[in-house]
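Since the structure comes first, as structure tokens, the remarks are kept for the end.
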Amino acid sequence: MTTLANPNPTVFEPTADALHGRTAAERTAEDDDGVDDPIDAYEVFEMIRRIRDPEHPNSLEQLKVVEPSLITVDWRKRHIKVLFTPTVPHCSLTTLIGLSIRLQLDRSLPEFTKVDIYVTPGTHEQEAQVNKQLNDKERVAAALENRSLLSVVESCLNEFDE
């Protein structure tokens with residue numbers, strides 16, 4: 001029997017539209033194919049908000065693991081930085097959550113986009129180790145070559161596909 005790191009997480013109501021923080025002009029530009037509309041934090045959030053938590057039947061958005069305010073985008077440099085917040089400081093699945101975010105963004109973003117994934121500072125006991133793992137190309141590649149680990153990551157990505 002496996003013990004859950006957080007048996008009773010707080011579950012929040014997801015937003016109906018991740019782009020809710022945009023102005024009317026930004027929303028119009030988003031729908032207009034003739035307008036050069038660079039990727040922003042809301043679009044990155046939209047790409048990762050439905051990833052399923054590996055321990056619970058909830059999305060990362062519902063658990064407030066990911067939020068638009070924790071995503072920064074410098075599209076001129078093609079650089080995206082995502083902070084995510086584990087539900088408890090001792091979460092043993094933090095690296096798995098980070099790998100899920102990384103794989104989803106690698107599949108969703110244009111080629112040559114630099115993505116950095118970090119645990120929100122001060123929210124995890126092994127923050128430095130997790131950050132090192134998630135931002136080292138060789139470690140990420142090795143982790144994703146593990147079939148059983150990749151299977152768990154894929155299940156987190158595919159759970160809420162619409």
Side-chain angles (χ1 to χ4, degrees), residues 1-22 26-27 30 39-73 79-110 113-136 139-162:
M1 183 172 170
T2 305
T3 303
L4 299 177
N6 184 3
N8 296 308
T10 303
V11 178
F12 300 87
E13 198 60 39
T15 57
D17 179 5
L19 307 178
H20 67 283
R22 293 189 162 168
E26 289 170 329
R27 285 174 180 258
E30 187 64 35
I39 292 175
D40 62 18
Y42 292 109
E43 287 177 274
V44 174
F45 178 69
E46 187 62 34
M47 293 173 194
I48 62 175
R49 68 190 273 212
R50 290 182 183 88
I51 295 171
R52 182 184 58 83
D53 181 85
E55 198 171 49
H56 300 286
N58 304 100
S59 70
L60 297 185
E61 177 188 24
Q62 289 174 309
L63 298 174
K64 291 229 184 268
V65 172
V66 295
E67 300 180 67
S69 63
L70 298 176
I71 300 168
T72 55
V73 177
H79 181 245
I80 294 171
K81 179 179 176 183
V82 176
L83 299 178
F84 70 100
T85 309
T87 59
V88 291
H90 58 276
C91 179
S92 60
L93 300 173
T94 300
T95 302
L96 185 63
I97 292 168
L99 283 171
S100 298
I101 293 169
R102 174 162 302 284
L103 189 58
Q104 179 66 21
L105 291 178
D106 285 349
R107 290 177 175 176
S108 302
L109 291 166
T113 302
K114 178 166 176 30
V115 177
D116 291 322
I117 312 280
Y118 295 99
V119 174
T120 305
T123 63
H124 195 272
E125 294 169 350
Q126 297 179 341
E127 176 184 330
Q129 294 97 316
V130 172
N131 290 342
K132 186 173 183 177
Q133 166 75 36
L134 294 175
N135 293 293
D136 182 305
R139 289 180 186 210
V140 168
L144 295 175
E145 285 177 8
N146 178 318
R147 289 184 191 262
S148 60
L149 183 59
L150 181 58
S151 175
V152 174
V153 169
E154 290 287 358
S155 73
C156 292
L157 299 182
N158 297 326
E159 182 74 17
F160 293 118
D161 278 355
E162 296 172 287

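Residue numbers start at 1 and run along the sequence shown. Worth knowing before you read on, the calculation uses all heavy atoms, side chains too, and leaves out hydrogens, waters and symmetry mates. Please read these numbers as outputs of a predicted model, since none were measured by experiment.
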- side-chain contact (heavy atoms from CB on, under 4.5 Å) between Val115 and Arg102: does it pass, once the steps are laid out? CA-CA 8 Å; Val115 177; Arg102 174 162 302 284; 3.9 Å; yes

- Side chain Asn135, main chain Asn131, donor-acceptor under 3.5 Å: yes

- Short question: side chain of Thr120, backbone of Thr123 - any donor-acceptor pair under 3.5 Å?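 No.
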
- Message: Looking at Glu154 and Arg107, is there a salt bridge between them, counting it only when a charged N and a carboxylate O are closer than 4.0 Å?
- Response: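 Salt bridge flag = yes for Glu154 with Arg107.
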
- Item | Test: Arg49 and Glu46 ion pair at under 4.0 Å |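 Result for this pair is yes, salt bridge flagged.
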
Just wondering, do [Y] and [X] contact through their side chains at under 4.5 Å, heavy atoms?
{"X": "Pro86", "Y": "Val119", "result": "yes"}
{"X": "Val66", "Y": "Leu83", "result": "no"}
{"X": "His79", "Y": "Asp116", "result": "yes"}

Ignoring hydrogens, what is the shortest heavy-atom contact between [X] and [Y]? Give both atom names and the distance.
{"X": "Asp53", "Y": "Cys156", "result": "C-SG, 4.5 Å"}
{"X": "Lys81", "Y": "Tyr118", "result": "CE-CD1, 3.7 Å"}
{"X": "Ile39", "Y": "Val73", "result": "O-CG1, 3.3 Å"}
{"X": "Leu149", "Y": "Ala143", "result": "CD2-O, 3.3 Å"}
{"X": "Ile117", "Y": "Phe84", "result": "CG2-CE2, 3.7 Å"}

- Check His124, Glu127, Glu125 against Thr94 for a side chain to side chain donor-acceptor pair (under 3.5 Å) and give me the one that passes.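 Among His124, Glu127, Glu125, the one that satisfies the side chain to side chain donor-acceptor pair (under 3.5 Å) with Thr94 is His124.
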
- Message: Rounded at 0.5 Å granularity, tell me how far CZ in Arg52 sits from OG in Ser100.
- Response: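 Taking CZ in Arg52 and OG in Ser100, the distance rounds to 8.5 Å.
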
